Amino acid sequence: MVLLSFTSQFLRYGLGHDYLYGLLPITEELFHVDREQNISTLFSVTLLLCSGSLLVLIALMKRQRQDPDVSKWMILAGGFFYLATDEGWSLHERLIEPVRGLLGHGDLGIFYFAWIIPAMAGVALLGVLFLGFLFRLPSSTRRSFIIAGALYLGGAIGIEMLGGRYAELHGLKNLTYQLFAHLEESLEMAGIILFIHTLLHYLAEQYPEIRLLTHQ
């Protein structure tokens with residue numbers, strides 16, 4: 001999906017095509033990863049919803065065992081459901097102009113996409129609150145959580161900062177910025193896919209059998 005999206009941008013900005021027998025506009029509309037409410041967005045939203053659902057399932061299983069970390073699993077689930085909503089409707093982008101206004105609309109550099117400033121503050125706060133929870137996880141699960149988080153945040157915040165700096169200087173409509181955008185989305189998807197794999201592996205280890213009953 002990412003390859004199809006980037007190919008369309010390479011044809012447009014690398015080779016100078018803007019129509020290509022009508023295929024290019026359709027491909028961009030359906031698959032471009034830097035656009036909203038298309039097939040690529042649906043894929044990312046589905047990944048986040050799967051993560052949230054698995055976290056809810058783990059929380060329910062933990063509650064049966066009266067585990068003290070039930071609330072942490074539920075908070076994580078709520079966070080992923082929020083991320084799915086944000087991914088579908090780009091809620092975070094509404095913060096850009098208000099935060100830019102606070103910063104003075106000057107040369108913002110890596111903070112050109114200014115929503116990342118409150119996002120970084122939120123990530124730091126959650127990191128502190130969940131540090132104990134993280135170290136209570138099995139070592140393999142903890143390691144995979146950290147790698148998945150690094151991939152996701154590296155794309156969503158790290159590459160976004162670099163892309164923002166470039167966009168401020170050269171705009172969005174060029175091949176280099178599209179490279180940043182596609183790398184960002186690729187890292188986000190990879191992080192969530194690894195996170196889902198880790199949750200499934202954790203469930204398999206902790207709960208070898210799970211039954212969902214529709215009636216007793």
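Predicted, not measured: the structure shown is a model, and the values here were computed from it.
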Results of salt bridge (Lys or Arg N to Asp or Glu O under 4.0 Å) for D34 - residues two or more places apart only: none
For K72, salt bridge (Lys or Arg N to Asp or Glu O under 4.0 Å) partners two or more places apart: none
Crowding at CD, E29 (>12 non-hydrogen neighbours, <6.0 Å): no
H170, NE2 atom: more than 12 neighbouring heavy atoms under 6.0 Å: yes
S90 and E36 side chains, donor-acceptor separation under 3.5 Å: yes
Modelled atom types, side-chain donor and acceptor of E87 and H92, under 3.5 Å: no
Enter the distance from [X]:[atom1] to [Y]:[atom2] here, rounded to the nearest 0.5 Å.
X    : Y    : atom1 : atom2 : answer
L15  : L175 : CG    : CG    : 9.0 Å
L4   : T27  : CG    : OG1   : 5.5 Å
L212 : L57  : CG    : CG    : 7.0 Å
L83  : L76  : CG    : CG    : 10.5 Å
I159 : L187 : CD1   : CG    : 6.0 Å
L199 : I58  : CG    : CD1   : 4.5 Å

Contacts of L20 that satisfy side chain to side chain contact (heavy atoms under 4.5 Å, CB included) - sequence neighbours left out: L11, H17, L24
Close side-chain approach of [X] to [Y], heavy-atom, < 4.5 Å:
X    : Y    : result
V70  : D67  : yes
L162 : Y166 : no
L134 : I146 : yes
E28  : R12  : yes
N174 : Q178 : no

If Ile, Leu, Val, Met, Phe, Trp and Tyr residues are connected whenever their side-chain heavy atoms lie under 4.5 Å apart, and connections chain through other members, are [X] and [Y] in the same group?
X    : Y    : value
L103 : I96  : yes
M161 : L179 : no
L172 : F10  : no
F43  : I39  : yes
L42  : L48  : no

Salt-bridge present (D69, R136; N to O < 4.0 Å): yes
Please list, chain by chain and in numerical order, all residues satisfying ring-ring contact (aromatic ring centres under 6.0 Å, His included) with [X], sequence neighbours excluded.
X    : result
F80  : F195
Y207 : none
F6   : H182
Y202 : W73

Test log, rule side chain to side chain contact (heavy atoms under 4.5 Å, CB included), inputs V56 and F81: CA-CA 10 Å; V56 169; F81 288 135; 3.8 Å; yes
Looking only at heavy atoms, what is the nearest atom pair of [X] and [Y], with distance?
X    : Y    : value
L194 : L151 : CD2-CD1, 4.2 Å
A84  : V45  : O-CG2, 3.6 Å
S144 : T198 : CB-OG1, 3.2 Å
L200 : L54  : CD2-CD2, 3.8 Å
A181 : V33  : O-CG2, 4.4 Å
L95  : P98  : O-CD, 3.3 Å

All side-chain hydrogen bond (donor to acceptor under 3.5 Å, both in side chains) counterparts of H197, not counting sequence neighbours: none
Pairwise side chain to side chain donor-acceptor pair (under 3.5 Å) hits with a residue in residues 40-56, at least two apart: N38-T41
Summary of salt bridge (Lys or Arg N to Asp or Glu O under 4.0 Å) pairs that have at least one residue in residues 178-187, sequence neighbours excluded: none
Verdict with supporting geometry, H201 and Q206, side chain to side chain contact (heavy atoms under 4.5 Å, CB included): CA-CA 9 Å; H201 188 71; Q206 299 292 317; over 6 Å; no
CA sep, side-chain torsions, deciding dist, call: F31, V2, side chain to side chain contact (heavy atoms under 4.5 Å, CB included): CA-CA 8 Å; F31 295 104; V2 173; over 6 Å; no
Pairs under 3.5 angstrom only: tabulate donor-acceptor contacts from the side chains of residues 107-127 to other protein residues two or more places apart or in another chain.
residue	atom	partner	partner atom	Å
D107	OD1	R165	NH1	3.1
W115	NE1	E160	OE2	3.0

Linked hydrophobic residues, F135 as query - side chain contacts closer than 4.5 Å: L131
F133 ring center near F130 ring center (under 6.0 Å): yes
